[in-house]
2 protein chains.
Amino acid sequence: MPAAVLHNTAGDAKDGEVLELVELFFFAYRDFVRDADRLLETYGFGRAHHRVLHFVDRRPGLSIAALLDILRITKQSLNRVLKQLLDAGLVEAREGASDRRQRLLFLTSLGETLARELAALQSERFRRVLGEMPVPARDAAADFLFSMIDSEERTRVRDHLARARNRAQRAAEPL
Amino acid sequence: MPAAVLHNTAGDAKDGEVLELVELFFFAYRDFVRDADRLLETYGFGRAHHRVLHFVDRRPGLSIAALLDILRITKQSLNRVLKQLLDAGLVEAREGASDRRQRLLFLTSLGETLARELAALQSERFRRVLGEMPVPARDAAADFLFSMIDSEERTRVRDHLARARNRAQRAAEPL
DNA sequence: AGAAATATGTCAATATAGCTGACTTAAACC
DNA sequence: GGTTTAAGTCAGCTATATTGACATATTTCT
């Protein structure tokens, strides 16, 4: 089914072709978040809650500061959302062991359930898309997305991914 | 520079790999819109204004209904934004020739200037990214984005792209 | 020990972008 | 002439973000 939708022949991309990519990116993102939004609505939560759930799931024990750094929003914005998640019993804050000022964030089992339901929806879309692509093009998709990120942000993102991976390894080890 | 960031070996994508794509998509979109947001701020406009400017630029003579269909927001939401753009003299509404109830939207030269400045920012990002990719992978990027769109929406998107391509000849078009 | 920096929380006000519901006007369709 | 359609409008609501100012506890530095 995917057969060069835009007929990008070769060489430099023309103005119109690039504009179409801009639009496709807009439409793709619009649909990408809509799945999750619908599910969140049934719980009375929004996109902001999703982001917190996601990143705490990916990196349990994340501090408030680290979370703010990832989300790039203000402390006040986060607080409202975080308080709702704490009150609803989806997120748990524990005092930091080495630095008792810190509140380290963890998901409760309830929070984990929702986080993984949401992740499943969005992963499903990617799985479908990857399945429709030839294998060599899959790495290209990841490189494409990574390259779309601001160069100054890439180190931060790479660091985040590495930390999330280490967490996964630690979880897998005690088998 | 792009060298298989995620080391997607072959076969089915693993859970962790797919989750990383989900995150990369989030980060990529976050940065993608930030360029434009910064410029818009200096004009006192927001992302909603940008979308209107963009789609009216792409399809001059767009009716309100057609614009609502693309944006997937309510008439009331659009109206506030559209009124500001009309008042600021960036957008112009003309009575439909065949159907006088319609208000067909066009950019003024002022509106065109801003729309193209914004488009240039976002196109620049794509040009950079495409430039960093091997030529065959470029079509893959377009196919990837198109495939990310809901299947029920793809016809609509394809139709929009076709109309945008033909826009030069047309003055106005029916929905 | 005391000062300074840090991590977090909180209050208040504001902006943007969306929503629903109800209603109007004017034109087109049949 | 009645119904449908395209668009505009009023009022009120929600979610997500912002800035600025200030409070508190804890750590770190001198």
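We name chains A, B, ... by the order of the sequence lines, and we start the count at 1 in each one.
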Handout entry: Heavy-atom donor-acceptor pair, B:Asp150 side chain to B:Glu152 backbone, under 3.5 Å
Key = no
Practice task
Provide the closest heavy-atom pair for A:Val33 versus A:Arg30 in the form atom of the first, atom of the second, distance.
Solution key: CG2-O, 3.4 Å
Distances for protein N/O vs nucleotides 14-17 of chain D N/O pairs under 3.5 angstrom?
residue: D:dT16; atom: OP1; partner: A:Arg47; partner atom: N; Å: 2.9
residue: D:dT16; atom: OP1; partner: A:Ala48; partner atom: N; Å: 3.4
residue: D:dA17; atom: OP1; partner: A:Arg51; partner atom: NH2; Å: 2.3

Problem - Closest approach of B:Asp37 to B:Arg47 (non-hydrogen atoms, all atoms of both residues) - result: OD2-NH2, 2.7 Å
Exercise for the section: Examine distances only and state if a side-chain atom of B:Arg116 and a backbone atom of B:Asp57 form a donor-acceptor pair shorter than 3.5 Å. Expected result: no
Problem - Expected output: side-chain A:Gln122 to main-chain A:Phe32 donor-acceptor under 3.5 Å - result: yes
Handout entry: Validation row: A:Phe55, A:His160 side chains within 4.5 angstrom (heavy atoms)
Key = yes
Exercise for the section: Take A:Gln76 and B:Ala93, find for each the nucleotide of DNA chain D with the closest heavy atom, and name the residue whose nucleotide sits nearer the 5' end. Expected result: B:Ala93
Exercise for the section: Please state how far atom CG in B:Asn79 lies from atom C1' in C:dA17, giving the value in whole angstrom units. Expected result: 14 Å
Practice task
Ignoring hydrogens and angles, tell me if any N or O in the side chain of B:Arg154 forms a donor-acceptor pair with the backbone of B:Ser147 under 3.5 Å.
Solution key: yes
Exercise for the section: Would you kindly give the CZ-to-P distance between A:Arg34 and C:dG18, to the nearest whole Å? Expected result: 13 Å
Practice task
Summarise protein proximity over nucleotides 23-30 of chain D in one line of letters, 5' to 3': B for base, S for sugar-phosphate only, - for none, counting protein heavy atoms closer than 4.0 Å.
Solution key: --BBS---
Completion exercise
Rounded to whole Å, the CG-P distance (B:Leu82 to C:dG18) equals 13 Å
Exercise for the section: Taking the side chain as every heavy atom from C-beta outward, state whether A:Leu78 and A:Leu67 have any atom pair closer than 4.5 Å. Expected result: yes
